[in-house]
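Working notes, structure below.
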Amino acid sequence: MKLATWNVNSLRVRLPQVLDWLKAHPVDVLCLQETKITDDRFPFMELAAAGYEAVTAGQKTYNGVAILSRHPLSDVVRNNPLYVDDQQRIIAATLSDIRVICAYVPNGQAPATEKYAYKLAWLSAFHDWVEQEKHQHPRLAILGDYNIAPENRDVHDPAAWEGHALVSPPERDAFSRLTALGLKDAYRLFEQPESGYSWWDYRQAAFRRDMGLRIDHILLSEALSKQCTGCTIDREPRSWAQPSDHAPVIAELKP
DNA sequence: ATGGCGGGTTGGACCCGA
């Protein structure tokens with residue numbers, strides 16, 4: 001069983017890459033963020049032809065999430081029932097006995113902005129809901145763009161990033177509060193390459209210079225983390241023409 | 001220091017991402 005997450009930054013633009021990637025990496029589940037497409041325009045047919053059913057929480061222009069799966073999905077929940085939010089950032093579904101949450105955490109812009117306050121409030125409510133979900137579904141996986149680099153080793157230049165959104169202590173605390181619920185950062189269950197980043201800015205030739213951050217994560221409940229045999233970031237699509245600025249992250253579970 | 005790239009929008013300067 002392979003679970004993956006990818007912020008595609010517009011599914012309309014990236015659909016060919018998603019299909020190519022799925023052909024080479026036929027994962028069981030792929031969580032997408034920043035689809036930037038309404039549900040009535042979602043490419044259900046193209047994905048079905050590739051063997052994937054999809055559930056979506058779409059939105060025009062911004063945000064938008066989806067779960068693609070080779071297996072039937074049930075019990076779909078859109079948005080956080082504990083938090084009123086007109087931005088489509090969460091979708092959850094069950095496949096066989098695994099509960100999957102796909103999340104696109106707000107960016108936060110910069111400390112002391114309204115967007116930063118929204119991010120922290122959003123994360124606090126997300127924590128409370130995840131706590132409930134975990135009680136209901138002990139086999140829980142949360143995949144997505146967390147917009148948080150949990151530690152300095154997840155940042156190419158921690159000094160340059162100090163004081164910025166994505167690395168600030170309150171955001172990292174919010175991430176720790178999630179893991180304190182008994183969720184493991186799948187990537188850190190294993191030995192990893194030194195620069196294990198999942199996002200590189202489009203500007204400054206950041207990818208070529210490997211100026212990245214690791215902000216896309218797969219959190220696994222205890223039961224699932226014990227079955228996890230690997231977690232990798234596939235940076236190859238970031239090197240393609242017209243790429244997303246994020247790379248896919250993949251976790252493998254064995255029975 | 002600023003903006004740099006890329007996607008989107010009801011049409012082309014501006015918002016947003018991270």
Side-chain angles (χ1 to χ4, degrees), chain A residues 5-18 21 31-43 56-66 85-90 102-123 126 143-175 187 195-217 233 235 237-249:
Chain A
T5 180
W6 193 5
N7 179 323
V8 290
N9 186 19
S10 169
L11 185 57
R12 196 176 315 204
V13 172
R14 230 67 65 188
L15 180 62
Q17 294 191 14
V18 170
W21 190 81
C31 294
L32 300 178
Q33 301 86 37
E34 283 204 90
T35 55
K36 296 185 177 178
I37 197 166
T38 50
D39 293 347
D40 59 312
R41 297 184 174 212
F42 194 88
T56 60
Q59 181 184 337
K60 193 176 167 185
T61 312
Y62 303 120
N63 312 308
V65 287
D85 190 359
D86 57 5
Q87 304 189 21
Q88 300 302 315
R89 296 179 174 278
I90 292 173
C102 170
Y104 175 45
V105 177
N107 168 282
Q109 194 180 41
T113 63
E114 261 180 45
K115 287 177 187 168
Y116 184 83
Y118 164 64
K119 181 179 192 174
L120 293 184
W122 192 99
L123 282 164
F126 186 64
L143 302 91
D145 175 359
Y146 288 71
N147 269 320
I148 300 170
E151 301 176 74
N152 278 349
R153 60 176 165 164
D154 301 312
V155 181
H156 70 93
D157 186 348
W161 274 87
E162 194 170 354
H164 287 81
L166 315 192
V167 306
S168 74
E171 292 164 87
R172 286 177 166 176
D173 287 349
F175 189 83
Y187 191 75
S195 63
Y197 308 133
S198 69
W199 170 85
W200 300 260
D201 200 299
Y202 284 121
R203 297 162 289 189
Q204 290 187 301
F207 181 65
R208 184 177 56 72
R209 300 159 70 191
D210 203 17
M211 299 165 59
L213 301 180
R214 190 176 70 95
I215 55 177
D216 300 86
H217 309 298
I233 300 171
R235 62 168 63 201
R238 186 64 179 80
S239 70
W240 294 348
Q242 203 177 8
S244 167
D245 41 357
H246 294 254
V249 186

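In what follows, chains carry the letters A, B, and so on, assigned in the order in which the sequence lines appear, proteins first and then strands, with residues in each chain numbered from 1.
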Shortest non-hydrogen contact between A:Y187 and A:R214, atoms and distance: CB-NH1, 3.3 Å
B:dA13 and B:dT2, which share atom name P, separated by this distance in whole Å: 24 Å
Shortest non-hydrogen contact from A:Y104 toward A:E34: OH-CD, 3.1 Å
A:E34 CD to B:dC15 C1', straight-line distance once rounded to whole Å: 13 Å
Where the chi angle of B:dG12 falls, syn if within 90° of 0 and anti if not: syn
Value in whole Å for how far the C1' atom of B:dG6 lies from CD of A:Q17: 13 Å
P spacing across the pair B:dC16 / B:dA1, given as an integer number of angstrom: 23 Å
Whether A:F126 and A:W122 hold their rings parallel, tilted or perpendicular, with breakpoints at 30° and 60°: parallel
Along DNA chain B (nearest heavy atom to each residue), the more 5'-positioned of A:R203 and A:W199: A:R203
Geometric class of the A:W199/A:H246 ring pair [parallel <30°, tilted 30-60°, perpendicular >60°]: tilted
Between C1' of B:dC5 and CZ of A:R209, the distance in whole Å: 14 Å
Distance in angstrom units between A:Q204 CD and B:dT2 P, rounded: 14 Å
Polar-atom pairs under 3.5 Å, protein N or O versus N or O of nucleotides 7-9 of chain B: list them with distances, or write none.
residue: B:dG7; atom: OP1; partner: A:R14; partner atom: NH1; Å: 3.2
residue: B:dG7; atom: OP1; partner: A:Q242; partner atom: NE2; Å: 3.3
residue: B:dG7; atom: O3'; partner: A:S10; partner atom: OG; Å: 3.2
residue: B:dG8; atom: OP1; partner: A:S10; partner atom: OG; Å: 2.2

Nearest-angstrom distance from the residue atom CD of A:Q88 to C1' of B:dG17: 18 Å
Nearest atoms (heavy-atom pairs only) where A:L166 meets A:N147: CD2-O, 3.2 Å
Separation of the P atoms in B:dG6 and B:dT10, to the nearest angstrom: 23 Å
Candidate list A:T5, A:D145, A:N7, A:N63, test side-chain hydrogen bond (donor to acceptor under 3.5 Å, both in side chains), partner A:Q33, passing option: A:T5
Spacing between A:N7 atom CG and B:dG6 atom P, to the nearest angstrom: 16 Å
Those residues that, when tested against A:N152, pass side-chain hydrogen bond (donor to acceptor under 3.5 Å, both in side chains) (two or more places apart): A:R172
Sugar-phosphate, base or nothing in reach of A:F207, heavy atoms under 4.0 Å: nothing
Atom pair distance, as rounded to whole Å: CG in A:N63 and P in B:dC16: 11 Å
Whole-Å gap separating P (B:dC16) and CG (A:D201): 17 Å
